[in-house]
Structure formats: structure tokens, C-alpha cells
Amino acid sequence: MKPTLTAAAVAALVAIALPAVAQNAGQIARVRGGASCAGCNLFQAGLSGLEASGLNLSGARLRQADLSVSVMNRTRFANADLRDVEAYGGVFSSSNFSGANLTNASFVGAYLDGAAFGGATLVGANFSGASMQRATGLTQARLNQACGDEATRLPGNLSIPRC
């Protein structure tokens, strides 16, 4: 008797064989040009040095993107995938990170005053040297999952573990 594969097994094998969803070059170019792109696939986008405030990137996939030394004040990152993002020295004042996944993101030396973090996932995020004094939505429990250093500035009496 010859072994046969079920439809579920075939579907699983096909899913394993397919490559991960790659970035969308057209969408990345739009954002580089200063356009909003909610829900876009900006995976591994090179946005370092971008100066574009007030963008709507809600729900966008920015995983592993480079936002280093960018100026993105008042940008909406609500519910976006920002895992493994490099945002060294970026300026994100009054930006909205509510519900965003910032797992293992690096915001070393970033300016995040007035940013909203309600419901954001901060597991493994590095905020060393970041200015977050007027940030909202931060809780001690969430900050305990991230790290920073003696130069990290937080609101009120909140603290952050050392990296």
C-alpha cells in the first residue's frame, strides 16, 4: 500500500517551502518620499535619516527596519510590527506606539518625549540614553521587560532595568 498525504499535510509542506513575505519596494519608496502608508510591508526598510513628521504607519510591518537618526515626530506607529527595529538616535516626539510590538527594538539615544506607549510590547527593547520623560502609557511592568541605562529619562518614578 502506497502512503498518501492528506490535504492538511500538503498545505503545511507548501507553507514551509514558500519564502517569507518580502518587503514591498514601492511602499518603501512612498514612505521615503514622505507619504503615509498604513498597513504597508516595510520589512527591513532602510529609512535611516528620513525626515518626515506626521506619517500614518499604523499597522505597518517595519520589522528589522532601520530608522536610525530619522526625525519622525507625530508619526502613528499604532499596532505596527517594530520587532528588531534599529532606531538609534531617532527623534519620535509625540509619536504613537500604542499596541505596537517593539520586541528587541533598539531606541538607544532616541528622543521619545510625549510618545504614547499604551499596550505596546517592550520585551527586550533597549532604551539606553533615550529621553522618554513625557511619554505616556508606560507601566513599570512593561518597562521591567525592557532595558536602559543611567542616562535613560523616564516619567515620574518609573525605572528600567540596566542592559
Side-chain angles (χ1 to χ4, degrees), residues 18-138 142-155 158 160-163:
L18 292 175
V21 178
Q23 61 188 200
N24 184 309
Q27 293 174 344
I28 292 170
R30 283 179 41 208
V31 173
R32 279 191 192 133
S36 291
C37 203
C40 286
N41 186 359
L42 308 173
F43 176 68
Q44 295 181 337
L47 302 173
S48 179
L50 177 67
E51 292 187 30
S53 295
L55 297 180
N56 182 3
L57 300 178
S58 297
R61 181 177 186 233
L62 287 141
R63 186 171 186 183
Q64 298 176 4
D66 185 0
L67 305 176
S68 299
V69 298
S70 61
V71 178
M72 300 178 79
N73 297 320
R74 297 177 314 283
T75 294
R76 288 175 280 174
F77 295 103
N79 301 308
D81 180 357
L82 294 157
R83 290 176 292 163
D84 306 303
V85 158
E86 179 57 60
Y88 173 84
V91 180
F92 304 95
S93 71
S94 300
S95 288
N96 183 351
F97 295 96
S98 297
N101 187 344
L102 281 71
T103 300
N104 297 324
S106 177
F107 284 89
V108 173
Y111 187 82
L112 295 153
D113 277 358
F117 289 94
T121 301
L122 305 179
V123 176
N126 185 342
F127 293 105
S128 295
S131 179
M132 305 168 74
Q133 289 175 303
R134 292 182 296 109
T136 62
L138 293 172
R142 248 189 239 112
L143 286 171
N144 287 343
Q145 298 177 334
C147 71
D149 63 10
E150 64 283 347
T152 304
R153 300 292 172 242
L154 297 167
L158 294 173
I160 193 164
R162 301 295 180 246
C163 291

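Note that this is a predicted model, so its numbers are computed, not measured.
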* Structure fact -> Taken in chain and number order and not counting sequence neighbours, the residues that satisfy ring-ring contact (aromatic ring centres under 6.0 Å, His included) with Phe107 are Phe92, Phe97, Phe127

Listed by chain and number, what are the side-chain hydrogen bond (donor to acceptor under 3.5 Å, both in side chains) partners of [X], not counting sequence neighbours?
| X | answer |
| --- | --- |
| Ser94 | none |
| Asn104 | none |
| Asn101 | Thr103 |
| Gln64 | Gln44 |

Heavy-atom closest contact ([X] atom, [Y] atom, distance):
| X | Y | result |
| --- | --- | --- |
| Ala135 | Leu112 | CB-O, 4.0 Å |
| Ala65 | Leu42 | CB-O, 4.1 Å |
| Leu62 | Leu47 | CD2-CD1, 4.2 Å |
| Tyr111 | Arg134 | OH-NH2, 4.0 Å |
| Ala125 | Leu102 | CB-O, 3.6 Å |
| Gly34 | Ala52 | CA-CB, 4.1 Å |

* Asked: What side chain to side chain donor-acceptor pair (under 3.5 Å) pairs are there with at least one residue in residues 24-40, not counting sequence neighbours?
  -> none

* Asked: Are Ser58 and Asn79 linked by a side-chain donor-acceptor pair shorter than 3.5 Å?
  -> no

How many angstroms lie between [atom1] in [X] and [atom2] in [Y], if you round to the nearest 0.5 Å?
| X | Y | atom1 | atom2 | value |
| --- | --- | --- | --- | --- |
| Asn41 | Arg61 | CG | CZ | 5.0 Å |
| Glu150 | Thr152 | CD | OG1 | 7.5 Å |
| Phe77 | Leu82 | CZ | CG | 6.5 Å |

* Salt bridge flag under 4.0 Å for residues Asp84 and Arg63 -> yes

Please name all residues satisfying side chain to side chain contact (heavy atoms under 4.5 Å, CB included) with [X], sequence neighbours left out, ordered by chain then number.
| X | answer |
| --- | --- |
| Ser68 | Ser48, Asp66, Glu86, Tyr88 |
| Ser128 | Val108, Asn126, Asp149, Cys163 |
| Gln145 | Val123 |
| Pro155 | Leu138, Leu158 |

* **Qualifying disulfide bond (SG atoms under 2.5 Å apart) pairs with a residue from residues 23-97, counting only residues at least two apart or across chains** => Cys37-Cys40

* May I ask you to test the Val31-Leu57 pair for a side-chain heavy-atom distance under 4.5 Å? => yes

Donor-acceptor contacts under 3.5 Å from residues 69-76 side chains, at least two apart:
unit_1: Ser70; atom_1: OG; unit_2: Leu67; atom_2: O; d: 2.6
unit_1: Asn73; atom_1: OD1; unit_2: Ser93; atom_2: N; d: 3.0
unit_1: Asn73; atom_1: OD1; unit_2: Ser93; atom_2: OG; d: 2.8
unit_1: Thr75; atom_1: OG1; unit_2: Met72; atom_2: O; d: 2.9

